[in-house]
Every structure is written in structure tokens, then in C-alpha cells.
Amino acid sequence: MNRHDSELVSGILESRGWRREEDPAAADLILLNTCSVRRRPEEKVWGRLARFRNWKRRRPGLVLGVLGCMAQLRAEEIRERFPEAGIVLGPGNLHRLGRLTDGVVPLPEEGEGEDFSAVPVVRESPVSAWVTVSRGCDNYCSYCVVPYARGRE
């Protein structure tokens with residue numbers, strides 16, 4: 001799902017005139033697409049945010065954002081620890097990224113649904129594609145964060 005979400009994010013940004021910069025130090029916008037399935041990926045995000053905080057202090061115009069499941073589940077903690085992150089969006093709200101709004105956007109309310117139909121996608125490969133079978137899950141297994149991070153099926 002994260003790779004598919006990253007393709008959506010790339011499509012949204014490219015359709016609005018942004019272009020990919022391979023050197024993060026030269027970028028005007030840095031987005032971390034996060035996962036919360038295990039602790040290690042979250043630890044990496046905290047470390048990267050600490051590094052990018054210093055970049056933001058040197059370049060106040062730099063926009064930092066946290067997307068994905070960690071952004072959904074730990075939005076308040078991200079805001080508290082890294083107020084430099086101007087964009088915090090959960091996975092069900094990536095279609096709203098084009099506005100580059102500042103603030104946390106919660107999961108849609110029951111029945112509201114996400115509108116990904118008009119979201120452009122930039123594919124990693126010309127011959128294969130990540131497709132969405134389900135964005136969430138209705139099962140609340142004790143070991144799984146999907147219904148909390150991505151919402152109901």
C-alpha cells in the first residue's frame with residue numbers, strides 16, 4: 001500500500017507542477033510516507049525528521065510533511081515533537097494533498113469515503129501497477145493497525 005500511495009502522491013504533486021528532486025538537500029518539499037506496522041520504520045521516521053528539522057532551520061521555506069499510517073496514528077505526537085512538519089496527512093486523505101494544507105486531516109467519517117477517482121498516478125513501472133483492492137479493514141485483529149490507520153474497508 002505504501003508504494004501505491006507513493007505513486008498517488010507523485011501523481012498529485014506532478015499534476016500541480018512539482019518535480020522529483022533526487023537530492024533531498026535541494027528539495028523545496030520533503031514528504032515522508034510512513035508505516036506503523038513495526039517499531040523500526042517509525043524510529044527511522046523520527047530520525048529523519050530530526051535531520052530535516054535542521055534543514056528547515058537553515059531554509060525556512062522548506063516544506064516538511066509526514067504522510068501515511070504513522071501520520072494517522074501519531075499525528076498529535078508528530079505535531080508536538082516536530083512542529084516543523086507543516087503537512088500531516090493520513091492515508092485516506094492523500095487526495096487532499098494537492099492543496100498542501102497545514103494541519104491534520106482525520107480519517108473520513110463513516111460513510112464519507114475517500115475520493116481517489118480523480119487522483120493522477122505516476123507509476124514506478126511502465127508494465128505493472130499497484131492497484132487498490134481495499135483501503136482498510138473491518139476486522140480488528142489484536143496485532144494489526146490497519147483499521148485504525150487506514151479506516152474501515
Side-chain angles (χ1 to χ4, degrees), residues 1-52 55-56 62-75 77-78 82 85-153:
M1 282 305 301
N2 278 16
R3 289 175 72 181
H4 180 57
D5 289 350
S6 292
E7 289 180 341
L8 289 171
V9 167
S10 292
I12 291 166
L13 295 175
E14 286 186 22
S15 74
R16 299 183 68 88
W18 292 89
R19 66 176 173 76
R20 182 179 299 270
E21 174 59 59
E22 295 304 320
D23 177 11
D28 295 323
L29 170 66
I30 297 175
L31 299 173
L32 300 175
N33 189 12
T34 64
C35 176
S36 285
V37 173
R38 293 192 171 91
R39 176 175 283 154
R40 181 79 175 129
E42 287 188 4
E43 290 172 357
K44 286 182 179 183
V45 170
W46 294 125
R48 287 184 179 142
L49 283 171
R51 179 176 54 178
F52 296 147
W55 293 8
K56 173 85 172 158
L62 174 64
V63 177
L64 297 176
V66 181
L67 311 175
C69 294
M70 184 176 168
Q72 183 66 44
L73 295 171
R74 301 188 180 276
E77 185 179 0
I78 292 167
F82 293 95
I87 299 169
V88 181
L89 286 174
N93 292 290
L94 295 178
H95 62 285
R96 298 178 183 181
L97 179 63
R99 299 183 214 143
L100 295 177
T101 56
D102 185 35
V104 177
V105 181
L107 279 171
E109 294 298 320
E110 185 73 32
E112 180 184 339
E114 304 96 354
D115 180 16
F116 288 96
S117 59
V119 175
V121 177
V122 174
R123 301 279 182 215
E124 294 176 358
S125 167
V127 295
S128 63
W130 298 100
V131 296
T132 302
V133 174
S134 172
R135 292 208 64 84
C137 183
D138 290 342
N139 299 316
Y140 286 84
C141 303
S142 62
Y143 56 85
C144 186
V145 300
V146 170
Y148 303 101
R150 292 189 170 271
R152 295 182 58 88
E153 186 174 345

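Since the structure is predicted, the reported quantities are computational estimates derived from the model, not experimental observations.
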Point to revise | Worked check of side chain to side chain contact (heavy atoms under 4.5 Å, CB included) between Val63 and Ile87 | key: CA-CA 8 Å; Val63 177; Ile87 299 169; 3.8 Å; yes
Test of understanding: with side-chain hydrogen bond (donor to acceptor under 3.5 Å, both in side chains), list the residues that count as partners of [X], not counting sequence neighbours.
X: Glu7; answer: Arg123
X: Arg39; answer: none
X: Arg40; answer: none
X: Asn33; answer: Ser6

Excluding sequence neighbours, so at least two apart, what forms side-chain contact (heavy atoms from CB on, under 4.5 Å) with [X]?
X: Glu77; value: Trp46, Arg74, Arg81
X: Arg20; value: Ser10, Glu22
X: Ala25; value: Asp23, Trp55
X: Ser128; value: Ser125

Working to the nearest 0.5 angstrom, can you tell me the gap between [X] [atom1] and [Y] [atom2]?
X: Leu97; Y: Leu13; atom1: CG; atom2: CG; value: 5.0 Å
X: Ile78; Y: Leu49; atom1: CD1; atom2: CG; value: 7.0 Å
X: Met70; Y: Leu32; atom1: CE; atom2: CG; value: 9.0 Å
X: Leu8; Y: Arg3; atom1: CG; atom2: CZ; value: 13.5 Å
X: Leu89; Y: Gln72; atom1: CG; atom2: CD; value: 9.5 Å

Point to revise | Pairs flagged by ring-ring contact (aromatic ring centres under 6.0 Å, His included) wherever residues 20-45 is involved - sequence neighbours left out | key: none
Ignoring hydrogens, what is the shortest heavy-atom contact between [X] and [Y]? Give both atom names and the distance.
X: Ala71; Y: Gly90; value: CB-N, 4.4 Å
X: Lys56; Y: Leu64; value: CB-CD1, 4.0 Å
X: Ile30; Y: Ala27; value: CG1-CB, 4.1 Å

Review point. Passes side chain to side chain contact (heavy atoms under 4.5 Å, CB included), Trp18 versus Ile12? Steps please.
Key: CA-CA 9 Å; Trp18 292 89; Ile12 291 166; over 6 Å; no
Exercise for review: Using modelled atom types only, decide if a donor and an acceptor are shared between the side chain of Asp28 and the backbone of Leu62 within a distance under 3.5 Å.
Suggested key: no
Practice item. Go through Glu42 and Lys44 one step at a time and tell me if the salt bridge (charged side-chain N to carboxylate O under 4.0 Å, His left out) criterion holds. Key: CA-CA 5 Å; Glu42 287 188 4; Lys44 286 182 179 183; over 6 Å; no
Practice item. Could you go through the side chain to side chain contact (heavy atoms under 4.5 Å, CB included) check for Thr34 and Leu67 one step at a time? Key: CA-CA 6 Å; Thr34 64; Leu67 311 175; 5.9 Å; no
